[in-house]
Amino acid sequence: MLISVKNYMEATGVVPETAGRRLKGLPYHPGPHGTRLYSLAASLPTMWPREIANGAAEKLVRGASAPTDSLYVGGEGSLPVAQKLIEWLPERPRARLAKVQNSFVVSLANSKICCPAVVANYEILRTLVVLQPDVLRFIFGEGEVVDMDSLAAPFALVNNSHFTMEAA
Amino acid sequence: MTDFSNFLSIVEGSETVRERWAAITEKAINDARSQGVTLEVDDVLNIREARLVAMGAPLDEEAYQAELLGLPQLSKAQQKKAIAEGDADARQAALSNLNRGQDHHHHSHATAHRCNRLNRARELGIESPPEEVDSVSKNERLEMLKDVSSPQQRISLGRKWGLIT
């Protein structure tokens, strides 16, 4: 999911300079009219505790635009983003994510693709699942409960690859 | 269909024949049910051996079974079973039967005929090609999928290989 600097400003209430400074260095996609679109998952951890207490995270999730591909979350390059996001998560989203991750593992185990090729990477996949748009929306209370039975197997299939990095 | 009024009037006329006819009808319906097919009393009339038994002939089990399985309802069930078990010949036969003589319909009925054919194919379980025989294990396939870079292609291959629905 992607956000614009404007989304970030609206959610946190910071001035453009502050928003630019905080988002500086994050990877971005070129947006319309020369704007930059940042990854929602990477932008969230730049928020300050006071802003989070004011519901800035939820606002930012609400304002983010969903990608066309809702399954592929970017491969190994996205793993540090996912890990950083999970470390940062406030208490409520964190508890919700734990539930989502549990049902992800259970659904994966019940699926037809519960094979060594996938299970070897299950910890990485379990981490990456936080980046999936439906999951991200749900853990911030901005979306429906995720139907893991139908999501887990396709998600694992699409994101499974030859990971070289050790899972955290 | 043959007219069975003669036979039926005999059945009407004699209590012994009626009892024997009732017994053999019940047997035929039960036998058919064990194959998963429901027969009507009138269907049993088509079994020559059953009619003979009602008249007092001893039951020739072999001929009776052959005729029973030859009834349209049962032969369809048999065919369906053979296809489900992966009999390639039965599948081929059913397919060519399905596609036979399809060119003579009036074009205004084309859609109806297509629907009809598809329905018949569904009944027999031949609407889609048979699942590939798994020469490559699921795990190897999943390993292979890791090398497919396009997410869309991964999904479609995964579907094709029956890994996901």
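Being a predicted model, the structure only gives us computed values, none of them experimental. Letters A, B, ... mirror the listed sequences (proteins, then strands); counts begin at 1.
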Asker: Under a single-linkage definition using a 4.5 Å side-chain heavy-atom cutoff for Ile, Leu, Val, Met, Phe, Trp and Tyr, are B:L45 and B:L52 assigned to the same hydrophobic cluster?
Answerer: no
Asker: Any chain of hydrophobic side-chain contacts (each under 4.5 Å) joining A:F140 to A:V145?
Answerer: yes
Asker: If two hydrophobic side chains count as joined below 4.5 Å and joins carry through other members, does B:F4 share a cluster with B:V53?
Answerer: yes
Asker: Minimum heavy-atom separation for A:L157 to B:G158, with atom names?
Answerer: CD2-CA, 3.8 Å
Asker: Hydrophobic clusters here meaning ILVMFWY residues chained together by side-chain heavy-atom distances under 4.5 Å, can you tell me if A:L44 and A:W48 are in one?
Answerer: no
Asker: Considering heavy atoms only, which positions within residues 11-28 of chain A lie below 4.5 Å of chain B?
Answerer: none
Asker: If the cut-off is 3.5 angstrom, what donor-acceptor pairs do you find between chain A and chain B?
Answerer:
{"unit_1": "A:K112", "atom_1": "O", "unit_2": "B:K138", "atom_2": "NZ", "d": "2.9"}
{"unit_1": "A:K112", "atom_1": "NZ", "unit_2": "B:G162", "atom_2": "O", "d": "3.4"}
{"unit_1": "A:A117", "atom_1": "N", "unit_2": "B:N139", "atom_2": "OD1", "d": "2.6"}
{"unit_1": "A:L157", "atom_1": "O", "unit_2": "B:R154", "atom_2": "NH1", "d": "2.9"}
{"unit_1": "A:V158", "atom_1": "O", "unit_2": "B:R154", "atom_2": "NH1", "d": "2.8"}
{"unit_1": "A:N160", "atom_1": "O", "unit_2": "B:R154", "atom_2": "NH1", "d": "2.5"}
{"unit_1": "A:N160", "atom_1": "O", "unit_2": "B:R154", "atom_2": "NH2", "d": "3.3"}
{"unit_1": "A:H162", "atom_1": "NE2", "unit_2": "B:D147", "atom_2": "OD1", "d": "2.8"}

Asker: Taking B:L8 as the starting point, is it possible to reach B:L39 by hopping between hydrophobic residues whose side chains are less than 4.5 Å apart?
Answerer: yes
Asker: For the residue pair B:I155 and A:P154, what are the closest heavy atoms and their distance?
Answerer: CD1-CB, 3.9 Å
Asker: Each residue besides A:L37 in its hydrophobic cluster should be listed here, by chain and number; the cluster joins Ile, Leu, Val, Met, Phe, Trp and Tyr at side-chain heavy-atom distances under 4.5 Å.
Answerer: A:L2
Asker: Could you tell me which residues satisfy side chain to side chain donor-acceptor pair (under 3.5 Å) with A:S103, sequence neighbours excluded, listed by chain and number?
Answerer: none
Asker: At their closest point, which heavy atom of A:A153 faces which heavy atom of B:I164, and how far apart are they?
Answerer: CB-CG2, 3.5 Å
Asker: Using non-hydrogen atoms and a 4.5 Å limit, figure out which bit of A:I113 sits close to chain B: side chain, backbone, both or neither.
Answerer: both
